[in-house]
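What follows is a set of notes on a single structure, which appears directly below.
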Amino acid sequence: MFFVGGLSVGIFIFSNTVDRISDFWNSSYMGRYTLMDWLHLPTGVIVAGIVILAMFLFWGAEVVENAVNGTKPDKSKTKYKLIGAASISVLALIVAFIGQPTPLERYQKFFPDKAEQLANREVQIEPPELLSYIANDHVRTVMLDVRDEADYNLFHIKDAKNVSIDELPQLSKELMKMPANTLFVVMSNDEARATEAWKILVGESVDNVYILEGGINNWLATYNIVNEEERLKGTAIAFAPPEPIATAATGTDTLRYEFPAALGDQYPAAEPNPEEYEFEFTPKVKLKTKQPAGGG
Amino acid sequence: MEHLFVSFPGPFPIQAMYGKIGFYTVTLLIGFGFGYMLEIGGFAKSEKLAAQFYLTDMTVFKVMFSAIVVAMVLVFGAAALGGLDYNRVFVNETYLWPGIVGGLIMGVGFVIGGY
């Protein structure tokens with residue numbers, strides 16, 4: 001009776017004050033935050049450390065228990081406790097020894113279908129397809145430019161983000177939180193480095209990642225249209241002789257164009273007007289809706 | 001059948017694999033098993049829970065921490081062997097200070113509720 005009464009009063013107070021504490025309630029949000037993120041240690045070390053800590057705390061707990069109760073330690077089950085402790089410790093050490101798979105290992109092990117799509121060029125999207133998605137308000141397009149900062153500063157597609165390959169595993173956690181209708185497009189000068197980046201992101205279980213076919217060189221081949229006046233004044237990106245699209249295997253992943261200045265996204269080709277171009281491409285993007293995280 | 005293997009390795013999309021009924025059956029079985037284990041462990045008695053805070057009976061601590069350790073070793077072991085995609089395992093999001101305050105309120109409630 002007393003208990004139920006307290007419960008009702010508690011519910012009443014809570015429901016009438018919850019708005020006032022909601023600021024605090026939603027404060028210090030850290031997202032998916034684990035011990036590995038906190039301590040910056042490899043997973044295996046954490047696992048082994050926690051197990052050792054647990055053994056120590058179990059022993060300490062029994063010491064405290066006996067001290068508080070004034071009882072003598074019960075030795076009858078020591079054997080089972082030691083067996084249990086030994087087996088979990090051995091398992092933890094094995095886990096630490098094997099280590100967690102790197103993004104590339106995960107890519108090779110977990111995503112054979114993706115490797116097939118890569119080989120069949122099903123994930124390399126043509127520049128017009130990318131432009132159509134940039135112009136598409138229903139899809140959020142996140143462009144990741146994995147070239148050197150120098151190349152990025154010379155020219156990049158407007159709103160493309162410059163990231164290094166090393167940052168990708170960390171960044172992928174942010175990317176996974178984005179809404180399901182987010183399209184990720186990685187790009188380099190040709191395709192080689194973008195393909196590396198693509199493998200890492202796929203290995204980190206990010207959905208809807210595509211590669212810009214032929215990279216920035218192909219983008220410029222498609223959209224670097226300048227008038228004669230600009231060309232003669234030398235204020236426009238120089239034309240490069242037409243070449244077939246360089247794939248990861250054939251390209252050198254270097255920028256083939258010459259730039260009058262490092263103007264980044266200030267060139268017209270950085271932001272082509274979607275209405276001026278016809279979208280002629282083989283559609284390859286198949287947006288996959290998010291599979292909710294399981295095992296909650 | 002093909003869709004069954006789309007998201008291998010685990011965690012498995014139970015609902016996509018076995019349908020709604022299967023999903024409910026699996027969750028019900030796990031829930032029942034969990035409850036049964038707590039019950040036979042004596043965790044349904046508030047005295048036992050409160051005893052933890054008086055340091056006279058450390059069972060709660062030992063059981064909870066054992067469960068954490070075992071689950072941790074199995075999860076990361078499976079991930080290391082390639083049987084589980086850890087990035088897709090649900091991890092509750094952290095709100096640091098609200099979490100600490102909420103934990104304290106719940107702990108105090110345990111002690112008071114257990115007399």
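Residue numbering restarts at 1 for every chain, and letters A, B, ... go by the order of the sequence lines.
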Discussion item. Please classify the contact of B:Thr59 with chain A as side chain, backbone, both or neither, using a heavy-atom distance under 4.5 Å.
Written reply: backbone
Discussion item. Does A:Lys81 have more than 12 heavy atoms from other residues, nucleotides or ligands lying within 6.0 Å of its NZ?
Written reply: yes
Worksheet item: A:Thr43 versus chain B, heavy atoms under 4.5 Å apart: side chain, backbone, both or neither?
Response: side chain
Discussion item. I'd like to know whether CD1 of A:Ile83 has more than 12 heavy-atom contacts from other residues, nucleotides or ligands below 6.0 angstrom.
Written reply: yes
Fill in: chain B interface, residue from A:Val206, A:Val51, A:Leu57, A:Thr34 that has the most non-hydrogen pairs under 4.5 Å
A:Leu57
Discussion item. Would B:Met37 and B:Ile40 count as a side-chain contact (heavy atoms from CB on, under 4.5 Å) here? Give the steps.
Written reply: CA-CA 5 Å; B:Met37 287 300 163; B:Ile40 60 168; 4.1 Å; yes
Discussion item. Just so I understand: if I count every heavy-atom pair under 4.5 Å between each of B:Val101, B:Asp57, B:Val75, B:Val73 and chain A, which residue has the most?
Written reply: B:Val73
Practice prompt. Sort B:Ile68 into side chain, backbone, both or neither according to what part of it lies under 4.5 angstrom from a heavy atom of chain A.
Written response: neither
Worksheet, complete the sentence: With chain B, the option among A:Ile94, A:Leu53, A:Ile50, A:Leu91 that has the most non-hydrogen atom pairs under 4.5 Å is A:Ile50
Worksheet entry | Check: B:Ala79 main-chain N/O paired with A:Gln100 side-chain donor or acceptor under 3.5 Å | no
Discussion item. If I measure from the heavy atoms of chain B, does A:Thr71 come under 4.5 Å with its side chain, its backbone, both, or neither?
Written reply: neither
Response to the item:
Scored by heavy-atom pairs under 4.5 Å with chain B, the best of A:Phe24, A:Phe111, A:Tyr33 is A:Phe24
Fill in: Candidate list A:Val202, A:Val123, A:Val209, test side chain to side chain contact (heavy atoms under 4.5 Å, CB included), partner A:Lys114, passing option
A:Val202
Worksheet item: Salt bridge between A:Glu204 and A:Lys173, side-chain N to carboxylate O under 4.0 Å?
Response: no
